[in-house]
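These notes concern the structure reproduced below.
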Amino acid sequence: MDTRTHECAGDDVSSPFGGGRAPGGLPRLPTPPTGWPIGSYATYGEAQKAVDFLADSEFAVGDVTIVGVDLMLVERVIGKLSWGRVLGTGAVSGAWFGLFAGLLLGLFVNQGFALQVLTGLVLGVLSGLMFAAIGYSMSRGRRDFSSASQLVAGRYDVLCQPRSAEQGRELLAKLALKPPSANP
């Protein structure tokens, strides 16, 4: 997909911190999207395919914005937490940090590289265990599950600047008429 941006006259956004636009031509501050709707899709993947189709059709995709509408936070429960799982996770994350710190220390200290790495690893595991135990005990059973959170939208609108919106609608209409197996 072509990711070039287009600077457009009259689209400057003023900022109290100087300059209206960031180096890539995007506004420096959060700014509501502008443009006319040229397509609406149930998933981000479908909206992305539509914009990719526009790019493949030599359309000026710098005029296009994908906007997630009706945002919601989805928290998927992965499993139940137990002391064993909490301490195991703490030990593993502490081990990685300790190994990294031990390697760095070993590079800058001239004696005992292996000892520095081993010391970092052991201290990392112990620290990870301690912090995990303290954190879990402080929750007092209020959150005995692990989860993963994701921000999703109810639908994804593709907006386009007015100067090329009609052309974009025509191209996306052609995409919609293609059989599903022929869609990119």
Q. Once you round to the nearest 0.5 Å, how far does OG of Ser139 lie from CG of Asp144?
A. 6.0 Å
Q. Roughly how far apart are Arg169 CZ and Lys174 NZ, rounded to 0.5 Å?
A. 15.0 Å
Q.
I'd like to check Val69 versus Val67 (side-chain heavy atoms, cut-off strictly below 4.5 Å). Are they in contact?
A. yes
Q: Apply side chain to side chain contact (heavy atoms under 4.5 Å, CB included) to Phe53 and Lys49, showing your working.
A: CA-CA 6 Å; Phe53 178 79; Lys49 283 182 185 177; over 6 Å; no
Q.
Distance check, rounded to the nearest 0.5 Å: Arg76 atom CZ versus Ser146 atom OG?
A. 14.0 Å
Q: Flag the pair Leu71 / Val152 as yes when at least one side-chain heavy-atom distance between them is below 4.5 Å, and no otherwise.
A: no
Q | Co-members of Val86 in a cluster of I, L, V, M, F, W and Y side chains, linked at under 4.5 Å | A | Leu81, Trp83, Leu87, Val125, Leu129, Tyr136
Q. Does Phe100 CZ have over 12 foreign heavy atoms under 6.0 Å away?
A. no
Q: Verify, without hydrogens or angle tests, whether Ser82 (side chain) and Arg85 (backbone) share a donor-acceptor contact under 3.5 angstrom.
A: yes
Can you give the donor-acceptor pairs under 3.5 Å from side chains of residues 34-43 to other protein atoms, not counting sequence neighbours?
from	atom 1	to	atom 2	distance (Å)
Thr34	OG1	Gln161	NE2	3.1
Ser40	OG	Asp157	OD1	2.7
Thr43	OG1	Glu46	N	3.1

**Q.** Heavy-atom closest pair, residues Ser164 and Asp63
**A.** OG-OD2, 3.0 Å
**Q.** Contact summary for Gly102 and Val117, nearest pair of heavy atoms
**A.** O-CG2, 3.8 Å
Q: State which residues pass side-chain contact (heavy atoms from CB on, under 4.5 Å) with Glu170; sequence neighbours excluded, sorted by chain then number.
A: Glu166
Q. Would you find more than 12 non-hydrogen atoms of other residues, nucleotides or ligands less than 6.0 Å from Phe108 atom CZ?
A. no
Q: Kindly give the heavy-atom pair with the smallest separation between Ile78 and Ser147, and that separation in Å.
A: CD1-C, 3.8 Å
Q) Among the clusters formed by ILVMFWY side chains lying less than 4.5 Å apart, do Leu172 and Ile66 turn up in the same one? A) yes
Q: Mind listing the closest non-hydrogen atom pair of Ala153 and Gly68 along with its distance?
A: CB-CA, 3.6 Å
**Q.** Check: Thr31 side chain, Leu29 main-chain N or O, donor-acceptor pair, under 3.5 Å
**A.** yes
Q. CE of Met138: more than 12 outside heavy atoms within 6.0 angstrom?
A. no
Q. Does CD belonging to Gln111 count more than 12 external heavy atoms closer than 6.0 Å?
A. no
Q | Interatomic spacing from CG in Leu105 to CZ in Phe113 - rounded to 0.5 Å | A | 10.0 Å
Q: Kindly say whether Gly124 contributes a backbone atom to a donor-acceptor pair with the side chain of Ser127 at under 3.5 angstrom?
A: no
Q. Is it true that Leu118 and Leu104 fall in one hydrophobic cluster, defined by side-chain heavy atoms closer than 4.5 Å?
A. no
Q) When clusters are formed by joining ILVMFWY residues with side-chain heavy atoms under 4.5 Å apart, either directly or through shared neighbours, do Tyr44 and Leu54 land in the same one? A) yes
Q. Side chain to side chain contact (heavy atoms under 4.5 Å, CB included) between Phe59 and Leu171: does it pass, once the steps are laid out?
A. CA-CA 9 Å; Phe59 184 80; Leu171 287 169; 3.8 Å; yes
Q: Take Val74 and Ser149, measure what side chain to side chain contact (heavy atoms under 4.5 Å, CB included) needs, and give me the verdict at the end.
A: CA-CA 6 Å; Val74 178; Ser149 296; over 6 Å; no
Q. CG/Leu121 to CD/Gln116 distance, rounded to the nearest 0.5 angstrom?
A. 13.0 Å
Q) Between Val51 and Val158, is any pair of side-chain heavy atoms under 4.5 Å apart? A) yes
